[in-house]
There are 2 protein chains.
Amino acid sequence: MDVKTLCLGMLINKEACGYELKKKFESLFKHFFSAGYGSIYPALADLATSGLVECREIPQTGRPDRKVYKITDNGRNAFERALQTNEPQHKLRSDFLAVMYFSELLDERRVNRLLNDRIEAFEDAVEHISSIETEMGINAPAGARFVAGFGAVIAKAGADYIESNRHLLTETAPGRIDEPAHGG
Amino acid sequence: MDVKTLCLGMLINKEACGYELKKKFESLFKHFFSAGYGSIYPALADLATSGLVECREIPQTGRPDRKVYKITDNGRNAFERALQTNEPQHKLRSDFLAVMYFSELLDERRVNRLLNDRIEAFEDAVEHISSIETEMGINAPAGARFVAGFGAVIAKAGADYIESNRHLLTETAPGRIDEPAHGG
DNA sequence: TGCAGCATGTAATTTGTTACATGATTAA
DNA sequence: TTAATCATGTAACAAATTACATGCTGCA
């Protein structure tokens, strides 16, 4: 699923401008999708050219006109066709794991720092997701709750795994890695 | 971490040809990294041009000469520098979750099929990883065991989550989706 | 005084995928 | 006879990232 298709989908329930779509990506989809303005704006322009969305310009003062995009019937059909893919992909790309694979080439303090940072990132993700779940409320669409829950569970599992298995990568206890060891 | 850097890393302990590196990616890194010949061969050629690896051609009969690449001291240094990245990224890209977000636009049988397929993919991943863990043996490098374990845990967590939360997306019980319902 | 938020875009670059091109050997 | 394994590569294409370009408002 490319940025163009996902933008189209985001417009199913509510019209929006590119800036708003970016915010929405960052809140709802942060843990499994990302897109910058450099891909969103061209995507919306393309969708408009193909007639899958319509654009209305709202004059602003002191900043560029706000371009509000609304999905068309053609757009709705195109999006539903796009959802028909079988075995939609689900891929992890992790430089973190790649680095850990070679952890024997790193010094222990560095390994510990990377592990701590990754745990923190996972914990931040859990928190971020729980805050958007709160915002959504209990009456949010099932799909939204399902994907949020998935993200939370996976992030939690990742953090737990690192805590339970970091001993595989370091000989000494983790402890306060930024302070000098009191033993020497 | 790009394909070039990871190829370099794979050559740290053992020289290999492009074909072998691809196999290695597919077994050890399958769950967090992928690369096709279309990126591996050019990557190795680049590394050789930069002097980070050396190439030795072994004549073959009935097939192209085997090009065996060996890392140089420059290569080793370059790779260790590459490992110094702080907060190496760890990103999920999931069309599966994107589709599920919009599950209300799909019919229930399709949703069930997608969920089943994803569970199966996760279970396959768990099995694949457990088979490479067996191959590696207990004396494998810590990093290798750590990343394999991570993959297994995350795949397991994904499958479990779907099983426990699929009811959010479908009103009726999952059951045998490929057979006609006996109730009509 | 400076930064975050709002609001749009283009162009260069990077990176990787897919299709194409070749072809012997071996096991089912 | 059909598919998988071994073994290399190029070229076209797709997609997204990053840097560049602009500029007001409001808060601390």
Side-chain angles (χ1 to χ4, degrees), chain A residues 1-8 10 15-27 29-30 32-50 53 55-69 82 85 87-89 91-95 98, chain B residues 1-8 10 15-27 29-30 32-50 53 55-69 82 85 87-89 91-95 98:
Chain A
M1 176 124 46
D2 57 20
V3 172
K4 208 156 98 177
T5 306
L6 202 51
C7 284
L8 189 57
M10 301 300 288
E15 52 179 33
C17 68
Y19 189 83
E20 289 166 327
L21 288 184
K22 174 94 188 319
K23 299 288 133 191
K24 226 168 170 176
F25 282 154
E26 275 166 8
S27 67
F29 295 167
K30 204 186 178 193
F32 66 90
F33 200 89
S34 69
Y37 293 122
S39 37
I40 291 173
Y41 287 123
L44 289 169
D46 275 13
L47 289 169
T49 304
S50 328
V53 301
C55 177
R56 180 165 48 95
E57 285 184 54
I58 298 175
Q60 304 276 118
T61 54
R63 68 188 62 158
D65 291 353
R66 194 150 169 275
K67 294 191 172 181
V68 177
Y69 295 90
T85 332
E87 303 220 26
Q89 45 163 323
K91 281 202 169 184
L92 178 66
R93 175 80 171 230
S94 177
D95 291 1
Chain B
M1 177 123 45
D2 57 19
V3 173
K4 208 156 96 177
T5 307
L6 203 51
C7 284
L8 189 57
M10 301 300 288
E15 52 178 33
C17 68
Y19 189 83
E20 289 166 327
L21 287 182
K22 174 97 189 319
K23 299 288 134 190
K24 225 167 170 177
F25 283 154
E26 274 166 8
S27 66
F29 295 168
K30 205 187 178 191
F32 67 90
F33 201 89
S34 70
Y37 293 122
S39 37
I40 290 172
Y41 286 124
L44 289 170
D46 275 13
L47 289 169
T49 303
S50 328
V53 300
C55 177
R56 178 165 49 97
E57 285 185 54
I58 298 175
Q60 304 275 119
T61 54
R63 68 188 61 157
D65 292 351
R66 193 150 170 276
K67 293 192 173 180
V68 177
Y69 295 90
T85 331
E87 303 220 27
Q89 44 165 316
K91 281 202 167 183
L92 177 66
R93 175 78 172 230
S94 178
D95 291 2

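Hydrogens, waters and symmetry mates are skipped; everything else that's a heavy atom, side chains included, is used.
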query: When the distance from CG of D65(B) to P of dG9(D) is rounded to whole Å, what number comes out?
result: 10 Å

message: Less than 6.0 angstrom from the centroid, inside 45 degrees of the normal: does R93(A) satisfy that with respect to the ring of F33(B)?
response: yes

field: Five-pair end axes of the helix from dT1(C)-dA28(D) to dA28(C)-dT1(D), angle between them (10°)
entry: 50°

- request: With sequence neighbours excluded, tell me which residues meet side-chain hydrogen bond (donor to acceptor under 3.5 Å, both in side chains) with S39(A).
  value: none

query: Does anything in residues 34-46 of chain A reach DNA chain D, meaning a heavy atom under 4.0 Å, and if so which residues?
result: S34(A), G36(A), G38(A), S39(A)

- request: Determine, step by step, whether T49(A) and D46(A) satisfy the side-chain hydrogen bond (donor to acceptor under 3.5 Å, both in side chains) criterion, reporting the C-alpha distance in whole Å, the side-chain angles of both residues, the deciding distance to 0.1 Å, and the verdict.
  value: CA-CA 5 Å; T49(A) 304; D46(A) 275 13; 5.3 Å; no

message: Between V68(B) and R93(B), which residue's closest nucleotide on DNA chain D lies nearer the 5′ terminus?
response: V68(B)

message: From CD1 of I58(A) over to C1' of dC6(C), roughly how many Å is that when rounded to an integer?
response: 14 Å

Contact list (N/O, under 3.5 angstrom) for nucleotides 23-28 of chain D vs protein:
residue, atom, partner, partner atom, Å
dC24(D), O4', G62(A), O, 2.8

task: Using a 4.5 Å cut-off on heavy atoms from C-beta on, say whether the side chain of C55(B) contacts that of V68(B).
output: no

- prompt: Between K4(B) (NZ) and dT15(C) (C1'), how many Å, whole number?
  reply: 11 Å

Cation-pi geometry met for K67(B) and Y69(B) (6.0 Å, 45°): no

- line: Scanning both residues in full, the closest heavy-atom pair of D65(B) with Q60(B) reads OD1-N, 3.6 Å

task: Nearest whole angstrom, please: distance from the P of dA16(D) to the CG of D2(B).
output: 19 Å

- request: Counting heavy atoms from C-beta on, name the nucleotide in dG9(C), dG16(C), dG9(D) closest to the side chain of K67(A).
  value: dG9(C)

Interatomic distance, R56(B) CZ vs dA7(D) P [rounded to whole Å]: 13 Å

message: Tell me the closest heavy-atom pair linking Y41(B) and Y19(B), and the distance in Å.
response: OH-N, 3.7 Å

task: Under the side-chain contact (heavy atoms from CB on, under 4.5 Å) rule, collect the residues that match up with E87(A), sequence neighbours excluded.
output: D117(B)

message: Measure CD/Q60(B) against C1'/dA7(D) and give the value in whole Å, please.
response: 7 Å

- prompt: With a 4.5 Å heavy-atom cut-off, do L21(A) and L44(A) have their side chains touching?
  reply: yes

query: When the distance from NZ of K22(A) to C1' of dT8(C) is rounded to whole Å, what number comes out?
result: 13 Å

message: If you count heavy atoms of other groups shown closer than 6.0 angstrom to NZ of K24(B), is the number above 12?
response: yes

message: Distance check needed: dT5(D) C1' versus K23(B) NZ, whole Å only.
response: 7 Å

side-chain hydrogen bond (donor to acceptor under 3.5 Å, both in side chains) involving E26(B) - partner list, sequence neighbours excluded: K22(B)

